[in-house]
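Below is one structure; the comments refer to it alone.
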There are 2 protein chains.
Amino acid sequence: MKNDVTATCEEGEGRLKIIAAAEKLFADHGFDAVSMHAIATAAGISKANIYHYFSNKDALYLAVLQGASAALRARLQEAMDSRGPASEALRHFAVSHLRHLLARPYLVRLFLRELLENGEPRARDLADAGLADLFASLVGILRMGQEQGELRSDFDPALVATMLLGANVIFFQSRDLLRQYPEVHFVDTPEEYDLAMVEVLLQGIRQNPQDSSS
Amino acid sequence: MKNDVTATCEEGEGRLKIIAAAEKLFADHGFDAVSMHAIATAAGISKANIYHYFSNKDALYLAVLQGASAALRARLQEAMDSRGPASEALRHFAVSHLRHLLARPYLVRLFLRELLENGEPRARDLADAGLADLFASLVGILRMGQEQGELRSDFDPALVATMLLGANVIFFQSRDLLRQYPEVHFVDTPEEYDLAMVEVLLQGIRQNPQDSSS
DNA sequence: ACACTGGCTGACCGACGGGTCGGTATTGCT
DNA sequence: AGCAATACCGACCCGTCGGTCAGCCAGTGT
């Protein structure tokens, strides 16, 4: 025993290689479509060796999800600190959120997969908790904006939070698909997309009497 | 041969039972997690009998997807005929779209699953085509509204179409999750959600000088 | 009565899945 | 050096997978 605790979760070079390989494969193909042999090969080790680190396939999957959850939460923490006016906070949140989605596509797809699952719970709670965090923080921003009079108070913060999250998720999820349509020109500029999206949320799209220029 | 054509695709009682069972199972658990035996049991027939109707598992899956695609497209046709002012057309579209999503949750999850897939193409194109239809029709409505001066012309129709679709999809996808939060009270009233959502899109959420009452 | 045909089945096959076992290479401590 | 623990592997076990096959059992035309 060279150090105090090894049973927690950190350290372990081989472990990390396994998790990294499994993360990508699970995200790309789903739990059942990925064999332990495939993971082992991708990680450059033998299948039996995986069982040296993880008791079974579910445990490995859970570890991957937990790692993903921790990573995403950590990175999204930045998006969640809201300072300044609500409009600015919203813009910051949206752009930051989308950037993190795009930076970790495997983890995100892992989460979306879990959200779709209707059979084994496996790690639903983890995915749920992640989304709930985002949701709560967004609602907080909006409510603050309402209390300070910057935003109208006759709309449901939860509704707008859902819309913003939905806009980001669908952008992430159907980006490749949208890319095939030439009339869509925001596919490769996520920040632009998000800024315009937040602007629509903020200003609305209906022709307003007082602004008709540009 | 009691009737003219049997080789096309319709009719076939056993066939339909198989497809119905497979549809639910595939939507709930995904392609790889569902065994032919499970489908057979759910359909109340023997596994071998499935191969009497479908050449293999992929063919069955494809048939399910095609059926789903046809069903969804047919039902969504109603949502896509846009008459009247753009605002009304949008409301109609959104509510109708969401209603159809909620009425056929299995099919929809099947599609979302396919959209997530990154491995075998299997039936990506079908799912893609379905989404593209919706997208195109929505963009059409918005563009019309712009040309007729009802909507501002400085926003990207594709952007707003994406937002609306995203809002509906995320509502569908995370409905159960949202239900656990008491502050969210639109979970069980999809029409209300969609009307409010479209209203936000149309009117915006920023405090406008000219309207401050209710 | 007969054969024939289409819906249907249980028994079966090879392949591959997750998981185990016995054993070896490597490391680090004394 | 000796020793124990760790990291790792090839071979194997057994259940289940997708898929096949020979045949059963209605119905039905002759």
Side-chain angles (χ1 to χ4, degrees), chain A residues 1-26 28-65 117 119-123, chain B residues 1-26 28-65 117 119-123:
Chain A
M1 303 77 178
K2 63 171 153 204
N3 54 7
D4 34 9
V5 211
T6 48
T8 50
C9 67
E10 58 260 4
E11 87 35 84
E13 189 198 354
R15 217 187 139 93
L16 292 185
K17 268 199 310 185
I18 296 172
I19 288 197
E23 180 181 302
K24 181 173 162 66
L25 286 171
F26 282 143
D28 278 348
H29 312 285
F31 182 83
D32 298 275
V34 175
S35 71
M36 295 299 262
H37 175 75
I39 297 173
T41 304
I45 59 168
S46 78
K47 184 179 66 158
N49 193 11
I50 297 181
Y51 289 89
H52 180 71
Y53 293 99
F54 304 95
S55 57
N56 52 35
K57 195 181 180 183
D58 286 87
L60 169 58
Y61 185 74
L62 203 70
V64 170
L65 255 288
E117 218 62 37
E120 281 81 328
R122 225 144 9 218
Chain B
M1 301 79 177
K2 62 173 151 201
N3 55 7
D4 34 9
V5 212
T6 48
T8 50
C9 68
E10 57 262 3
E11 128 325 303
E13 190 197 353
R15 215 187 141 93
L16 292 185
K17 267 200 310 186
I18 296 172
I19 289 198
E23 179 181 303
K24 179 171 163 66
L25 286 171
F26 281 144
D28 278 349
H29 311 285
F31 182 84
D32 298 275
V34 174
S35 72
M36 295 301 262
H37 175 73
I39 297 173
T41 304
I45 57 168
S46 77
K47 185 178 67 157
N49 192 12
I50 298 181
Y51 288 90
H52 182 70
Y53 293 100
F54 304 95
S55 58
N56 52 35
K57 193 183 181 182
D58 285 271
L60 169 58
Y61 184 74
L62 205 68
V64 170
L65 255 288
E117 217 63 36
E120 282 80 329
R122 233 165 336 240

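Note that the structure is a prediction, hence the values are computed from the model and not measured. Proteins come first, then strands; the chains are lettered A, B, ... in the order of their sequence lines, and each starts at number 1.
- Contact between the side-chain N/O atoms of A:Ser46 and the OP1/OP2 oxygens of D:dG10 is not found at any separation under 4.0 Å.
- Using a 4.5 Å cut-off on side-chain heavy atoms (C-beta onward), B:Ile19 and B:Phe54 make contact.
- In this structure, CD1 of B:Ile18 is placed 10 Å from C1' of C:dC8, rounded to the nearest angstrom.
- Atom pair B:Tyr51:OH and C:dC13:P shows a separation of 17 Å (rounding to whole Å applied).
- Taking atom CZ of residue B:Phe54 and atom C1' of nucleotide D:dG18, one finds them 16 Å apart after rounding to whole Å.
- Rounding to whole angstrom units, CE of residue A:Met36 and P of D:dC12 are separated by 21 Å.
- Between B:Phe31 and B:Phe26, the ring planes are parallel. Angles under 30° get that label, and only those over 60° would be called perpendicular.
- In this structure, B:Ile45 atom CD1 and C:dG6 atom C1' are separated by 14 Å, rounded to whole Å.
- A donor-acceptor pair is defined here as one N or O able to donate and one able to accept, closer than 3.5 Å; no such pair exists between the side chain of B:Lys24 and the backbone of B:Ala42.
- A:Leu60 contributes atom CG, which lies 7.5 Å from atom CD1 of A:Ile18 (distance to the nearest 0.5 angstrom).
- Each of B:Gly44 and B:Lys47 was matched to the nucleotide of DNA chain C holding its nearest heavy atom; the match closer to the 5' end belongs to B:Gly44.
- Taking CG of A:Asn49 as the reference point, atom CZ of A:Arg15 lies at 12.0 Å (rounded to 0.5 Å).
- Per the geometry, CD1 belonging to A:Ile50 stands 12 Å off P belonging to C:dG17, to the nearest Å.
- Residue A:His37 contributes atom NE2, which lies 18 Å from atom P of C:dT20 at whole-angstrom precision.
- Distances shorter than 4.0 Å separate some side-chain N or O of B:Asn49 from OP1 or OP2 on C:dT9.
- The shortest distance between the side-chain N/O atoms of A:Tyr53 and the OP1/OP2 oxygens of D:dC8 is below 4.0 Å.
- Here D:dG19 presents its C1' atom at 20 Å from OH of B:Tyr61, a figure rounded to the nearest Å.
- Nearest-nucleotide mapping onto DNA chain C: of A:Ala48 and A:Phe31, the residue sitting toward the 5' end is A:Phe31.
- Considering only side-chain N and O atoms, A:His52 lies under 4.0 angstrom from the phosphate OP1 or OP2 of D:dA7.
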